[in-house]
Every structure is written in C-alpha cells, then in structure tokens.
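To start, the structure under review is shown below, and the notes come after it.
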Amino acid sequence: LQKSVVKDIGLAEAGEKRIEWARRHMPVLESIKEEFESTKPLKGARVAACLHVTVETANLITALVAGGAQVALTGSNPLSTQDDVAAALAARGLHVYAFRGENEKEYYDCIKKALEISPNVTLDDGADTIAIVHKEYPELADKMFGGCEETTTGVVRLRAMADDGALRYPVIAVNDAETKMMFDNRYGTGQSTAHGIMNATNFLFAGKTVVVVGYGWCGRGFAMRAHGLGANIIVVEIEPRKALEAAMDGYRVMPMSEAAPLGDLFVTLTGDINVIREEHFLLMKDQSILANSGHFNVEIDIPALERLAATKTEAKENVTEYRLKDGRRLYLLAEGRLINLAAAFGHPPEVMDMSFANQALSVKYIVENGRRLDRCVHPVPVEIDRRVAELKLASMGIRVERLTPEQYKYLHSWQMGT
Ligand SMILES: NC(=O)c1ccc[n+]([C@@H]2O[C@H](COP(=O)([O-])OP(=O)(O)OC[C@H]3O[C@@H](n4cnc5c(N)ncnc54)[C@H](O)[C@@H]3O)[C@@H](O)[C@H]2O)c1
C-alpha cells in the first residue's frame with residue numbers, strides 16, 4: 001500500500017499553518033474531536049474519504065483519526081485539491097492520494113488507491129467512491145457499515161441508485177441536514193463563488209447583469225451576495241415554486257434564451273447538464289464570463305463552446321478565452337469546474353464547521369448502527385442536526401428562548417381555540 005501521492009511534500013509546513021487557522025474557526029468540530037479523543041467511537045473503522053482536500057477537510061480527517069479511525073483521503077474534484085494541505089496530511093503519515101490538476105485517469109486511480117485500505121465506511125462529495133465500489137469492487141460493498149454523502153449532486157445520484165435497487169449499503173445524506181444545506185450551500189457557496197470569480201477576473205459586480213442559473217440553496221445564496229455587491233440579477237429556473245420565490249425576492253426571472261443576450265456574467269448552480277449550451281453562446285455579448293459552481297463540469301456545454309470557437313487561449317490563470325468566428329470573446333472560468341474551489345479557498349471554515357460536524361457524527365452513527373440500517377439513503381438523525389445547531393449557537397455566544405410549561409402544553413394540545 002503506497003503511503004501517499006501528493007504534489008510536493010515540501011509544502012507541508014505552509015499547509016499546517018493554514019489548517020491550524022481553519023481549526024481555530026471550527027469550534028463545533030473541535031469539540032467533537034475532543035470527545036472522540038476520549039471515547040474512541042471509530043475504533044475499527046476504515047474510512048475511504050473522497051472530499052475536496054481543503055484546510056477544513058484536514059480538520060475533519062483529524063477528528064476522525066482522533067476517534068480511532070484509519071483514513072485514506074482522495075480529492076473529489078481534479079481542481080479542488082489544495083496541495084499544501086495534501087502535503088501536510090501526508091507528512092503526518094496519513095494516506096493521501098490527491099494533487100491539483102489530476103487528469104481523469106489519475107483522479108480515479110487515486111480513489112482506487114484509497115480502496116486498498118479495504119474500507120468499511122465511504123465518505124463522498126459527489127458519490128464517486130460509492131459508484132466505483134459498486135461498479136468495480138462489489139466485494140467491498142458487502143463489508144461496508146455504510147457511507148456518508150456531502151453534496152446535493154451525490155445525494156441525487158445515490159437516490160437514483162437506491163430507486164434502481166442497486167445500492168448495496170446504507171448511506172447518510174449529510175447534505176440534507178438543515179445545519180448543512182441551509183448554511184454551507186447558501187452562505188458558503190454564495191460567498192465563495194463570488195470570491196472565486198473575483199479572484200479569477202477581478203470582476204466588478206456593481207452595475208453588471210449577473211445571470212444565476214438555478215435558484216436552489218446555492219443559487220439563492222449566490223444571487224443574494226451578487227445583489228449585495230450591486231449587480232442586477234436575472235434568475236433562470238425550471239421549477240415554478242423556485243422561480244416564483246426568485247421573482248418575489250425581487251429578481252427578474254426568464255428563460256436562458258432571453259437572459260443570454262443580457263448577461264455580463266453567467267453562473268450555473270443547478271446540478272444539471274448543459275444548462276448553458278450552443279444556442280445560448282450564440283446570443284451572448286462580447287466578453288461575457290461563464291462560471292460554474294455546481295458539482296460537475298457539465299453544466300456549461302464546453303464541447304459546444306470548443307466547436308464554436310475559432311481560437312482558444314489562456315487569457316490568464318483560470319480564464320480561458322474562446323473567440324467565436326464572428327470575433328466575440330467568451331471567457332470560461334476554471335474549465336467549468338467548481339469556481340469557488342478552483343479559484344478560491346472554497347467555503348469559509350465557520351460554515352464547514354457545521355457540515356463536517358454533521359459528517360463526523362454521521363460516521364459515528366454509521367459505525368454504530370450501519371449493520372442494522374436498510375440499504376437506502378437515510379437522513380441525518382434529527383438529534384445530530386439539532387446538536388450541531390446547539391453547539392454552533394453556543395460557540396457564537398447566542399442563547400435561545402425556552403418554552404414555558406404553559407406554552408409547551410398549548411403547543412401540544414388541540415383543545416384551546418378562540
Ligand atoms: N460549489 C460548491 O462548493 C457547492 C456546494 C454545495 C453544493 N454544490 C452543488 O451545487 C449544485 C446545486 O446544489 P443545491 O444544493 O443548490 O441544489 P438544489 O436542488 O437546492 O438547487 C438546484 C436548482 O437548480 C434548478 N435547475 C435544475 N435544472 C435546471 C435548468 N436546466 N435550468 C435552470 N434551473 C435548473 C432546480 O430546479 C433547483 O431549484 C449541486 O450540483 C451541488 O452538488 C456545490
């Protein structure tokens with residue numbers, strides 16, 4: 001078993017400093033780590049974790065190891081690995097197989113290396129490990145306690161597997177915990193997507209027209225932040241209730257074909273495929289910017305852009321210029337991969353604190369209960385979700401109101417009316 005594959009082990013010290021900075025801003029995960037250190041609830045767990053290799057993830061891995069788990073970590077996107085973090089974890093002696101800029105084969109080879117620890121828990125951000133286990137290593141599936149899934153797209157894939165009767169072990173949809181989705185997807189993606197776009201381009205949001213494609217948790221968060229920076233927002237949605245919400249939040253709502261000629265910046269956050277495609281590129285203004293913050297690089301139809309382009313050049317780091325035959329230039333950021341992780345740091349640690357507290361407690365839950373659970377997608381137990389909220393509030397010095405006995409009785413009875 002190869003110990004690790006990272007870009008440059010010499011980056012370890014720099015990585016440790018940044019991991020420590022994040023640790024200081026993740027108090028909930030820190031308290032769980034301390035509890036794990038004394039109770040060792042993950043003893044005997046072998047975790048194959050396929051996550052964005054960031055400073056926050058490093059702190060999650062530290063907590064799992066403190067709990068007694070053996071962990072092998074790989075990146076969950078070819079452009080999201082922070083090489084100094086991978087180096088720091090490798091220098092600690094952990095199994096890490098991740099470097100920024102992996103090609104597709106290298107990406108999957110890394111996941112396969114992690115499977116050499118014979119995991120009994122998988123931890124995914126996008127369901128790639130689970131998919132490989134099911135397709136290529138079915139013998140591993142039978143030994144699993146279960147898995148955890150971090151993101152919306154992964155949960156969608158897993159539900160499709162469960163509906164097909166193909167899912168061979170139970171999985172916790174960590175993404176769907178309220179203390180994950182409402183904060184990570186909305187405030188985390190909202191802020192870090194703007195950060196990634198600004199890093200890549202130094203784009204001025206004020207006065208620009210920004211087209212937000214998808215008004216789910218991520219889209220709402222990004223629209224809110226872009227609006228706060230002074231942009232005029234257009235929302236493109238397929239779901240009538242979300243479209244209505246966007247309209248009443250004060251944004252223009254229209255189909256992509258109408259938004260295409262109006263936007264200065266287009267950002268996809270749908271989890272869907274080809275939401276911006278040839279017919280839209282043909283309508284866009286010169287120097288329109290295209291970015292994606294959804295999980296996979298399929299939301300913008302890049303093959304169509306390649307076909308339409310007379311030339312393709314690197315305008316600057318993370319910006320590819322496609323010059324169309326009529327001379328218009330369209331700028332694609334970070335090869336259409338998650339812009340917030342490819343061109344910025346990803347979500348702030350304060351937000352990942354809650355997401356990864358849910359992960360850590362869900363891994364513990366899977367280790368303790370996985371064998372008894374049905375082979376389907378399970379929610380994070382509500383006690384875990386509430387506990388994460390309570391710990392986060394306490395860390396922020398916020399106290400909440402308590403029901404009086406009279407109020408409790410009132411809220412649990414049907415006798416009293418007007
Ligand atoms: N960048 C990140 O760090 C990050 C963080 C969390 C989630 N994600 C990813 O972002 C994506 C969105 O996640 P979410 O939690 O907001 O999901 P969500 O389900 O809450 O929202 C997605 C929205 O897109 C809409 N949509 C689907 N197809 C569309 C189309 N063709 N045109 C317009 N709208 C369309 C859906 O109706 C839905 O409202 C997923 O791929 C998820 O995995 C990324």
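Note that the numbering runs from 1 along the sequence shown for the chain.
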Seminar exercise, completed: Checking Asn274, Asn292, Val298 against Thr268 for side chain to side chain contact (heavy atoms under 4.5 Å, CB included), the one that qualifies is Asn292
Problem set entry | Test item: Arg387 side-chain N/O and Val382 main-chain N/O as donor-acceptor pair under 3.5 Å | no
Exercise. Are a donor atom and an acceptor atom from the side chains of Gln287 and Tyr331 found within less than 3.5 Å of each other?
Worked result: yes
Exercise. Does Ala357 have any side-chain contact (heavy atoms from CB on, under 4.5 Å) partners at least two apart in sequence or in another chain, and if so, which?
Worked result: Val28, Ile32, Val388
Side-chain donor/acceptor pairs under 3.5 Å, residues 136-144, sequence neighbours excluded:
residue : atom : partner : partner atom : Å
Glu136  : OE1  : Lys112  : NZ           : 3.2
Asp142  : OD1  : Arg168  : NH2          : 2.9
Asp142  : OD2  : Arg168  : NH2          : 3.2

Exercise. Are the side chain of Glu368 and the backbone N or O of Tyr365 linked by a donor-acceptor pair below 3.5 Å?
Worked result: no
Exercise. Please, which pairs that meet salt bridge (Lys or Arg N to Asp or Glu O under 4.0 Å) have at least one residue in residues 177-202, sequence neighbours excluded?
Worked result: Lys180-Asp184
Problem set entry | Candidate pair Val267 and Thr193, rule side chain to side chain contact (heavy atoms under 4.5 Å, CB included), full reasoning | CA-CA 9 Å; Val267 183; Thr193 298; 4.0 Å; yes
Exercise. Looking at residues at least two apart in the chain, or sitting in another chain, which of them share a salt bridge (charged side-chain N to carboxylate O under 4.0 Å, His left out) with Glu350?
Worked result: none
Problem set entry | side-chain contact (heavy atoms from CB on, under 4.5 Å) partners of Arg252, counting only residues at least two apart | Thr209, Asn232, Ile234, Met254, Leu262
For this session: Might you confirm whether atom CZ of Arg386 has over 12 heavy atoms from other residues, nucleotides or ligands at distances under 6.0 Å?
Result: no
For this session: Scan side-chain atoms only and decide if Arg372 and Asn369 contain a donor-acceptor pair under the 3.5 Å cut-off.
Result: yes
Exercise. Distance from Asn318 atom CG to Glu335 atom CD, nearest 0.5 Å?
Worked result: 8.0 Å
For this session: Provide the full list of salt bridge (Lys or Arg N to Asp or Glu O under 4.0 Å) pairs with a residue in residues 43-64, sequence neighbours left out, each pair given once.
Result: none
Considering only distance and modelled atom types, tabulate donor-acceptor pairs under 3.5 Å from the side chains of residues 301-308, sequence neighbours left out.
residue : atom : partner : partner atom : Å
Asp301  : OD1  : Ala304  : N            : 3.2
Glu306  : OE2  : Lys312  : NZ           : 3.1
Glu306  : OE2  : Tyr322  : OH           : 2.9

Problem set entry | Reported CE-to-CD1 distance for the pair Met256 and Ile238, which is rounded to 0.5 angstrom | 14.0 Å
Exercise. Tyr215 and Asp249: side-chain hydrogen bond (donor to acceptor under 3.5 Å, both in side chains), yes or no, with the steps?
Worked result: CA-CA 11 Å; Tyr215 203 64; Asp249 284 346; 2.6 Å; yes
Just distance, no hydrogens or angles: give the donor-acceptor pairs under 3.5 Å from side chains in residues 64-80, sequence neighbours left out.
residue : atom : partner : partner atom : Å
Ser76   : OG   : His52   : N            : 2.9
Ser76   : OG   : His52   : ND1          : 3.1
Asn77   : OD1  : Leu79   : N            : 3.0
Ser80   : OG   : His52   : ND1          : 2.7
Ser80   : OG   : Asn77   : O            : 3.4

For this session: Decide if atom CD of Glu30 counts as having more than 12 heavy atoms of other residues, nucleotides or ligands within a radius under 6.0 Å.
Result: yes
Problem set entry | Aromatic Trp217 / basic Arg220 pairing, under 6.0 angstrom, 45° off normal | yes
Exercise. Excluding sequence neighbours, so at least two apart, what forms salt bridge (charged side-chain N to carboxylate O under 4.0 Å, His left out) with Glu321?
Worked result: Arg323
For this session: Assert yes or no for the condition that the ring centre distance of His134 to Tyr169 is strictly below 6.0 Å.
Result: yes
For this session: Not counting sequence neighbours, list each pair that qualifies as a salt bridge (Lys or Arg N to Asp or Glu O under 4.0 Å) and has a residue in residues 121-130.
Result: Asp128-Arg157
Exercise. Do Ser288 side-chain atoms and Met284 backbone N/O form a donor-acceptor pair below 3.5 Å?
Worked result: no
Exercise. Looking only at side chains, do Gln82 and Arg18 share a donor and an acceptor under 3.5 Å apart?
Worked result: yes
Exercise. Do other residues, nucleotides or ligands put more than 12 heavy atoms under 6.0 Å from Phe296 CZ?
Worked result: yes
Exercise. Counting only heavy atoms not in Glu314, do more than 12 sit closer than 6.0 Å to its CD atom?
Worked result: yes
Problem set entry | Lys17 atom NZ, over 12 foreign heavy atoms within 6.0 Å | no
Exercise. Under the ring pair (Phe, Tyr, Trp, His ring centres under 6.0 Å) test, which residues partner Phe205, sequence neighbours left out?
Worked result: Phe203
Seminar exercise, completed: Sorted by chain and residue number, the salt bridge (charged side-chain N to carboxylate O under 4.0 Å, His left out) partners of Asp385 (sequence neighbours excluded) come out as none
